[in-house]
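Positions are given from 1 along the sequence. Each ligand, and each atom within it, is numbered from 1 in the order the structure gives. Given the structure is predicted, the values throughout are model-derived calculations rather than measurements.
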Amino acid sequence: MSKKMHLGWFMNYAPPQWLDPFDRVNTSWTNADFHIEMARMLEGACFDYLMIEDTLMVSNAYGGSTEAALKHALQVPKLDATVLAAAVAKATTKLGVIATASILSYPPFTLARMIASLDHLSDGRFGWNIVTSGEEQAAHNVGLDALPPRQMRYDMADEYVDVVTKLLASWEDDAVVMDRDTATFVDHTKVHEVNYVGKFYKSRGPLNVPQSPQGRPVYLQAGGSPRGRQFAAETADSIVAIAQGIEGMIDYRNDVRARAQAAGRNPDDIKVMFLVTPVLGDSAEEAEAKRHKMVNTDAFITGQLGMISTVTDIDFSAFPLDEPLPPLTTNGEQGSLNKFTQGGSDKTLRELATTETGFASCLPLVGTPASVATQMAEAIEAVGGDGFLLTTPIQHLSRRYVTDITEGLIPALRDLGAVRESYEHDTLRDNLRAF
Ligand SMILES: Cc1cc2nc3c(=O)[nH]c(=O)nc-3n(C[C@H](O)[C@H](O)[C@H](O)COP(=O)(O)O)c2cc1C
């Protein structure tokens, strides 16, 4: 019997695979039918959650033009992630549904109201992926002249989360009395002003939404710099983590847990979820052939370089493909940059772009369902927890890929006793804390 792992799906929100002859989606991805079908498949496999990524721009970071982003559908086009979350929540009953929303997008009051509403709609299965946005263009789109530096973005996020959390608590859980004898719907003595005045944000409160089923929705965080990990350790219920191999995973998780302990939290209340991109086949050779075919195309390489350009604001079209990169730093996603460059390795740019199954994957998982399941179970045993976030390289999400996972990999993980076979609870937080 293996140590049990949690499972989530990190969904790069962009059109699903449309070029492959076996996976041609039509326009149904814009009416949520594709994503609802996918969410139901994940629910059948007892995933903890589906997490919907979001960004706020049509990127021109690659080559100084929007061509690559639009031609290859890199994080665009997409709909609003919270709107999709509402549709998915109403089509499922157990799966956690997490939407990304940037602190740059909404005043805290509006965000608190939105996430409380989604927690109600989902009967306590909603989570908010707290991001600060790491792209200059995103800042310009919401009216800022420049993206604030990382340190300040996280200072803003600390305060933003504080005010949102206070607004979410502005209704006591028994404020709605619906007392027919006194014709009282809400007991006004149980609904409180917040009167928050911070350095960056102000809000009077109370919220105009009753307390939501989870009290406060689950908080998720993605961002791997030391400052990002500190923020996560103080705030998050679950973390999207990218790390290099088992050693990197151990370091990441131990670091976050030590920071949580120092902040007075129980480290077990934070589930660190490592991104992986399994490629499965009937045999090891077939899986490797699939991976080889996937990564060795111009579209894949441009997709990888376009993605890393977008999230770092570094134009990777400017570097020769067959030479190593110079040392690089960013005000965007430093953790993703470190992962992509493999800590400043001397591999060529082409080698970095075609490594394994995409730069975000923490482990090279290529093989049969049984061999990949064993590898995952051994990794969680070595790291100590907590689980994996499955994802596809951008452009590669498809029914066929999801089916490989839910009908191949999950049964193999069940054979090892490494994943749940039914949901223990009704709310997302309770399921995350079930083991
Ligand atoms: C795996 C991963 C996923 C992320 N997903 C998003 C996202 O969906 N939307 C977004 O605006 N930022 C996203 N981010 C960016 C982070 O929220 C953060 O702003 C960024 O990583 C910079 O912080 P860091 O230097 O601490 O990593 C993601 C980062 C990582 C590493």
Undergrad: May I ask you to identify, for L275, whether its side chain, its backbone, both or neither come under 4.0 Å of ligand 1 on a heavy-atom basis?
TA: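 Side chain only.
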Undergrad: Just jot down the ligand 1 atoms closer than 4.0 angstrom to any heavy atom of A222, in number order.
TA: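 Once the distances to A222 are compared, the set is 2 (C), 3 (C), 4 (C), 16 (C), 17 (O), 18 (C), 28 (C), 29 (C), 30 (C).
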Undergrad: Look at atom 6 (C) of ligand 1 and find which of V311, V240, V131 reaches it with the closest heavy atom.
TA: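 Considering heavy atoms of V311, V240, V131, the nearest to atom 6 (C) of ligand 1 sits in V131.
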Undergrad: Can you sort out which atoms of ligand 1 are near R150, meaning under 4.0 Å from one of its heavy atoms?
TA: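 The list of qualifying atoms is 24 (P), 25 (O).
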Undergrad: Determine the sole option in R125, K271, R420 for which the salt bridge (charged side-chain N to carboxylate O under 4.0 Å, His left out) test with D48 is passed.
TA: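 Going through the options one by one, the only one that passes is R420.
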Undergrad: Is there a polar contact between ligand 1 and S336, counting only N or O atoms under 3.5 Å apart?
TA: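 The answer is no, given that S336 and ligand 1 share no N or O pair closer than 3.5 Å.
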Undergrad: When you measure from the heavy atoms of F10 to every atom of ligand 1, does any distance fall below 4.0 Å?
TA: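 The answer is yes: ligand 1 sits under 4.0 Å from a heavy atom of F10.
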Undergrad: Checking side chain to side chain donor-acceptor pair (under 3.5 Å) against T355, which of R350, Q342, K339 comes through?
TA: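 Single pass found, and it is Q342.
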Undergrad: Could you find the nearest protein heavy atom to atom 9 (N) of ligand 1 and give me its residue, atom name and distance?
TA: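 In this structure, atom 9 (N) of ligand 1 has D54 O, 2.6 Å as its nearest protein heavy atom.
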Undergrad: Looking only at protein heavy atoms, identify the closest one to atom 26 (O) of ligand 1 and say how far it is in Å.
TA: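 Checking every protein heavy atom, the shortest distance to atom 26 (O) of ligand 1 gives S225 OG, 2.6 Å.
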Undergrad: If the contact criterion is a heavy-atom separation under 4.0 Å, does Y154 count as touching ligand 1?
TA: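 Within the 4.0 Å threshold, so yes.
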Undergrad: Heavy atom to atom 30 (C) of ligand 1, shortest distance: which of E135, E333, M51, K339 holds it?
TA: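 It is E333 that holds the nearest heavy atom.
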Undergrad: By number and element, which atoms of ligand 1 are closer than 4.0 Å to a non-hydrogen atom of T100?
TA: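 In order of numbering, the contacting atoms are 7 (C), 8 (O), 9 (N).
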Undergrad: Looking only at protein heavy atoms, identify the closest one to atom 27 (O) of ligand 1 and say how far it is in Å.
TA: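 Atom 27 (O) of ligand 1 sits closest to the protein heavy atom G224 N, 2.9 Å.
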Undergrad: Give the atoms of ligand 1, by number and element, whose distance to some non-hydrogen atom of T132 is under 4.0 Å.
TA: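 The list of qualifying atoms is 19 (O).
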Undergrad: Considering non-hydrogen atoms of the protein only, which is the closest contact for atom 22 (C) of ligand 1, and what is the distance?
TA: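 The answer is G332 O, 3.4 Å.
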